[in-house]
Amino acid sequence: MNGNIKTTAETLNQRIYFDQGGVLVNRFGIEKLPSVVDEMPNQSLLRITEVAVK
């Protein structure tokens, strides 16, 4: 990893988590990274979105 995580999180206005042990990836069944996990509007469901890297 390279760069300032605090600055990136502030710029994106998002929390950034590192899953070094694979706990979150396994818990949520994430297959590709990077991914964004957020709450779906007006529902108590989580949405997992894979992010394309250019």
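Here the closest non-hydrogen pair linking I48 and F28 is CD1-O, 3.4 Å.
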Distance-only criterion, 3.5 Å: show the donor-acceptor pairs between side-chain atoms of residues 6-17 and protein atoms not counting sequence neighbours.
unit_1: T7; atom_1: OG1; unit_2: N4; atom_2: OD1; d: 3.3
unit_1: T8; atom_1: OG1; unit_2: N4; atom_2: O; d: 2.9
unit_1: T11; atom_1: OG1; unit_2: T7; atom_2: O; d: 2.8

For a quick test of your reading: what N or O donor-acceptor pairs under 3.5 Å do the side chains of residues 32-44 make, sequence neighbours left out?
unit_1: S35; atom_1: OG; unit_2: K32; atom_2: O; d: 2.4
unit_1: D38; atom_1: OD1; unit_2: R47; atom_2: NE; d: 3.1
unit_1: D38; atom_1: OD2; unit_2: R47; atom_2: NH2; d: 2.9

